[in-house]
Structures are given as structure tokens and as C-alpha cells.
Amino acid sequence: MNKLILSVTGWLLPGVVILPARTLTSTDGRTLEGEIRAANEKEVTIKRTVDGREVKVSLQLLIPAHQQEVAAWLQVKSLTKLTFTATKDKETSNTRSTGGSTAVNSKDQTWSWVITVKNGSAFPVKGLSLEWAQVVERTDRNQGAYAGPSKTIARRSIGTVPVPDIPAFGSVKVKTEPIVVQSMKSLSYSSSTTASGDRVTEVTSYKWDEALSGLGISLLKGTEPVVRLKTGTDPRATNIPGRR
């Protein structure tokens, strides 16, 4: 299995912010108003509204509903620590050749993108999905027909995959569906006789090849995009995940 590694980093979208100040209640009825500044699985640090001091509170001392609020804050915070790497993965390859007056060599391959989502936070990330769009670009190298190579979009595909739960400081991999990538080269031979009786053979060559050249990603929390990424040929010519 051949791999071409391309490291790319997603960017956080506006709107993913730290939640505002709130009032937390302990199991014995006491309240504390302030802004959450830090948290982990055991305790939460609050900047008190009344005097700006930071205090630490054990999560076990909070009522269940406010323990869940702290967990939600951690989830939002962890979304700001997500990054991507994308890898082109060649899965199959098949070559064919024909002879005669026109010799043709052609190749069919299937490629996909392997996308690694990394969590740089100390809190697990759950409930994400990933929308993707990928593009195959064709380069026409027909000698004599063009001043230079001509590039066109050969095909594109889109899809959605669920993202497995990502542990703290961990990563998971998801894949796009395989997409066909082709290439072809031909040599044509024709013979003619000049007025003087000389035999002339003319050779005409024609070549085009394709490459998996573009990727667009939207990482979603529910229906809201959290992180987006684009690399290579822009898939937005017809459709790209996250454009609503």
C-alpha cells in the first residue's frame, strides 16, 4: 500500500468560545458566581465575580446539573485544540496495454484520503462527524494540441463519516471513500509514400493523467461546523462540506 503524506492543519471557526460567567451550586446549597477558567475530571477553577479571585472547587461538591455544565465547558474548550493531518492512500492499481498501429498504455488506480484528527486537550471529545469533498484533476499533455498542459476537474465525490470518540491527548483516523484515478498514453503509427518513393512513418503521441489533488473538510458537532480544512485543488467548484 503506497502512501503520500500531506500534513495540513484545520482552523477553528469563529463562534467556538468559552462560556460566560455562571452560578455554580454545591450539594449543600451554597453558590459561587464566576467564570470557569480551568477544569479537569476532578476539579474546576472559578474566577469569582465578586472579587476576581480564582478558587478551586471539587466537582464532587457540585450538584449533578452543574457537574454537567463543567463537562460541557470542557467539551467546548477541547474543540479549540483539534488539528488534522491528511494522507493520500493508494489502495489498488491496475495497468493495461494494447498493441497494433496504436499502442495504448492505461492505468486505473483507487485512492482515498486518510484523515487523522488529533485532540490536544486533556478532555475526551465525543459526538463529532466529518464531511468531506475530494477532487481528481486531469492534466492533458497531448503534444501539439496545446501550448502547455491543460488541467480540468475529472471527477469529485462527497460524503460524511462519524468520528470515533477521541481520548484526551489522543487521535483517531477516518477515511474518505475510494475514488478512481486514471492515466493513459498512446502512440499512433502511420506510414505514407512520398512522390519520390520514400517510405515515411509518422508517430503521434497523446497522454493524459489524473491525480487526487484536492480535499475539503468540515468537522461538525451536531450540525454546527467546528473546524474546516482545504488543501490542493478547491472542491468548492460544485460543492464543499460546510457551505450552507
Side-chain angles (χ1 to χ4, degrees), residues 1-10 84-117 130-162 172-218 228-243:
M1 186 175 291
N2 296 338
K3 293 184 177 181
L4 175 63
I5 298 176
L6 175 66
S7 294
V8 287
T9 302
F84 295 105
T85 57
T87 303
K88 292 180 182 180
D89 190 0
K90 183 169 70 175
E91 300 186 3
T92 65
S93 182
N94 181 40
T95 301
R96 299 182 302 276
S97 300
T98 60
S101 59
T102 300
V104 178
N105 294 315
S106 59
K107 182 183 295 183
D108 293 339
Q109 300 176 333
T110 56
W111 288 77
S112 61
W113 288 95
V114 179
I115 303 154
T116 301
V117 187
L130 187 143
E131 291 183 345
W132 51 265
Q134 58 188 354
V135 170
V136 172
E137 188 174 54
R138 170 170 162 166
T139 302
D140 198 323
R141 309 179 191 277
N142 187 13
Q143 296 182 10
Y146 301 95
S150 173
K151 292 187 176 183
T152 56
I153 301 299
R155 64 192 62 85
R156 50 173 61 80
S157 62
I158 61 174
T160 304
V161 291
V172 297
K173 296 180 183 294
V174 294
K175 292 185 67 173
T176 65
E177 293 179 356
I179 190 169
V180 176
V181 177
Q182 301 174 313
S183 63
M184 190 276 288
K185 180 179 181 180
S186 67
L187 291 175
S188 299
Y189 302 89
S190 60
S191 298
S192 61
T193 303
T194 66
S196 60
D198 295 328
R199 190 71 172 173
V200 177
T201 299
E202 186 174 317
V203 180
T204 303
S205 66
Y206 178 64
K207 179 181 180 182
W208 56 263
D209 49 58
E210 296 176 347
L212 182 58
S213 63
L215 174 68
I217 291 173
S218 277
R228 287 178 181 162
L229 171 150
K230 178 179 70 67
T231 184
T233 304
D234 193 344
R236 287 180 292 185
T238 57
N239 192 8
I240 189 172
R243 299 199 76 183

Full working for side chain to side chain contact (heavy atoms under 4.5 Å, CB included) between W113 and K88: CA-CA 5 Å; W113 288 95; K88 292 180 182 180; 3.3 Å; yes
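- Under the side-chain hydrogen bond (donor to acceptor under 3.5 Å, both in side chains) test applied with Q134, the options S157, S112, S213 reduce to a single match, S157.
- Look at R96 and D108 and you find a salt bridge, because one of the NZ, NE, NH1 or NH2 atoms lies within 4.0 Å of a carboxylate O, short of that distance.
- Screening T152, V136, V180 for a side chain to side chain contact (heavy atoms under 4.5 Å, CB included) with E210, the sole residue that qualifies is V136.
- Inter-residue side-chain proximity for L130 and F84 is flagged as met; some heavy-atom pair is nearer than 4.5 Å.
- Of the inter-residue distances, the one linking S186 atom OG with N105 atom CG reads 9.0 Å to the nearest 0.5 angstrom.
- Looking at E131 and I158, their side chains never come closer than 4.5 Å, going by heavy atoms from C-beta outward.
- Considering all non-hydrogen atoms of both residues, D140 and Y206 come closest at OD2-OH, 3.2 Å.
- Judged purely by distance below 3.5 Å, without hydrogens or angles, the side chains of K151 and T139 never pair a donor atom with an acceptor atom.
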Side chain to side chain contact (heavy atoms under 4.5 Å, CB included) between L212 and I179, intermediate numbers included: CA-CA 8 Å; L212 182 58; I179 190 169; 3.9 Å; yes
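- Side-chain contact between K107 and S93: present, with at least one pair of heavy atoms (C-beta onward) separated by less than 4.5 Å.
- For the pair R155/Q182, a side-chain contact is recorded, criterion being any heavy-atom separation below 4.5 Å from C-beta on.
- Under the 4.5 Å side-chain criterion, counting only non-hydrogen atoms from C-beta, I153 is in contact with T233.
- Using modelled atom types and a 3.5 Å distance limit, the side chains of W111 and Q109 yield a donor-acceptor pair.
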